[in-house]
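Working notes, beginning with the structure itself.
All residue numbers refer to positions in the sequence shown, counting from 1.
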Amino acid sequence: PSYEIEDFRAITEAINAEVDDVIINYSTGAIGIPVEKRLTYLGVATGEEFARHPTCSANGRWIVFSFDRDGDGELYIMDSDGGNVTRVTRSVGGDGHGAWTPDGKEILFTGKRDGNQDVYSVQPDGSNVRRLTNAPVADGAGEVSPDGLKIAFYSERDGDGDIYVMNRDGSNLKPLTNDTATQYELS
């Protein structure tokens, strides 16, 4: 089954000594009984492999997450009920922090493909990987605006961590913050 987006209370990472998987918490029925369901069964964690950064698509049908099976994180998607787990990216250097565009046609992610961390996009089937930022410092953790036109992301391009915004195609990059405090998280 698919869950409606308003049913999601939280998608969390389960990290313990036995298993590292994606867990979904949702409410059921009119009385909102909380339910926890393990969605991925990725095996026993060795400390080198774990699922993380799960993000639900706007329509509630899919979840993107990163899985670090071999010391190199890659993006995976699955149905919201945990079925049809599919690998999206295949690269050396690690991919993570997936974020859906509102239309579900692309996934933004942080990739460290050439030794430097940048913002990329990819279609859910793994095609059309595009590098959206290219700076000699770390860029990452992109989030798409509700209208799908802008991307906000973290960057160290001014010497400390600040939030920047750009068009969905990577053009028209502008800083949103400019202070000496490090800005890491977007929501």
Worksheet item: Any sub-3.5 Å donor-acceptor pair from Ser127's side-chain atoms to Asp125's backbone N or O?
Response: no
Backbone of Glu106 reached by a side-chain donor or acceptor of Thr101 within 3.5 Å = yes
Rounding to 0.5 Å, atoms OH (Tyr154) and CD (Gln117) come to a distance of 8.0 Å
* To do: Look at the side chain of Trp100 and the backbone N and O of Ala58, then say whether any donor-acceptor pair between them is shorter than 3.5 Å.
  => no
CZ of Arg131 to OG of Ser121, rounded to nearest 0.5 Å, is 12.5 Å
Quick check: does any side chain N or O of Thr89 sit under 3.5 Å from a backbone N or O of Leu75, one acting as donor and the other as acceptor? yes
Tightest non-hydrogen contact, residues Ser145 and Pro102, listed as O-CG, 3.4 Å
>> Check this for me: does any side-chain nitrogen of one of Asp139 and Arg157 sit under 4.0 Å from a carboxylate oxygen of the other?
In response: yes
Which of Asp118, Asn116, Thr110 passes side-chain hydrogen bond (donor to acceptor under 3.5 Å, both in side chains) with Thr133? Answer is Asp118
The reported gap from SG in Cys56 to CZ in Phe65 (rounded to nearest 0.5 angstrom) is 13.0 Å
Full working for side chain to side chain contact (heavy atoms under 4.5 Å, CB included) between Tyr120 and Val129: CA-CA 7 Å; Tyr120 291 81; Val129 176; 4.1 Å; yes
Exercise. Transitively linked via ILVMFWY side-chain contacts under 4.5 Å: Val144 with Val119?
Worked result: yes
For Arg130 and Asp169, run side chain to side chain contact (heavy atoms under 4.5 Å, CB included): C-alpha distance rounded to whole Å, both residues' side-chain angles, the deciding distance at 0.1 Å, then the answer. CA-CA 9 Å; Arg130 294 183 303 131; Asp169 66 1; 4.2 Å; yes
Find out if a path of hydrophobic residues (ILVMFWY) with successive side-chain heavy-atom gaps under 4.5 Å connects Val85 to Ile107. no
**Message:** Checking the side chain of Glu74 only, and the main-chain atoms of Arg87 only, is there a donor and an acceptor separated by less than 3.5 Å?
**Reply:** no
Query - Short N-O contact, Asp95 and Arg113, less than 4.0 angstrom - result: yes
To the nearest 0.5 Å, atom CG of Leu176 lies from atom OG of Ser155 at 11.5 Å
Measuring only between side-chain heavy atoms, which start at C-beta, is Ile77 closer than 4.5 Å to Pro124?
yes
Answer yes or no: is there a donor N or O on one side and an acceptor on the other, between the side chain of Ser66 and the main chain of Gly73, under 3.5 Å? no
Joint hydrophobic cluster, Phe153 plus Leu132, side-chain heavy atoms closer than 4.5 Å: yes
Subject >> NZ/Lys150: more than 12 non-hydrogen atoms of other groups inside 6.0 Å >> reply: yes
*Common cluster, Val88/Trp62, ILVMFWY with side-chain heavy-atom separation under 4.5 Å*: yes
*asked:* Using modelled atom types and a 3.5 Å cut-off, is there a donor and acceptor pairing between side-chain atoms of Thr177 and backbone atoms of Ile163?
replied: yes
Evaluate side chain to side chain contact (heavy atoms under 4.5 Å, CB included) for Met78 paired with Ile63, printing each intermediate quantity in order.
-> CA-CA 5 Å; Met78 65 181 163; Ile63 298 170; 4.2 Å; yes
(request) Say whether Ile151 and Tyr164 are linked into one hydrophobic cluster, either directly or through other cluster members, by side-chain heavy-atom distances under 4.5 angstrom. (result) yes
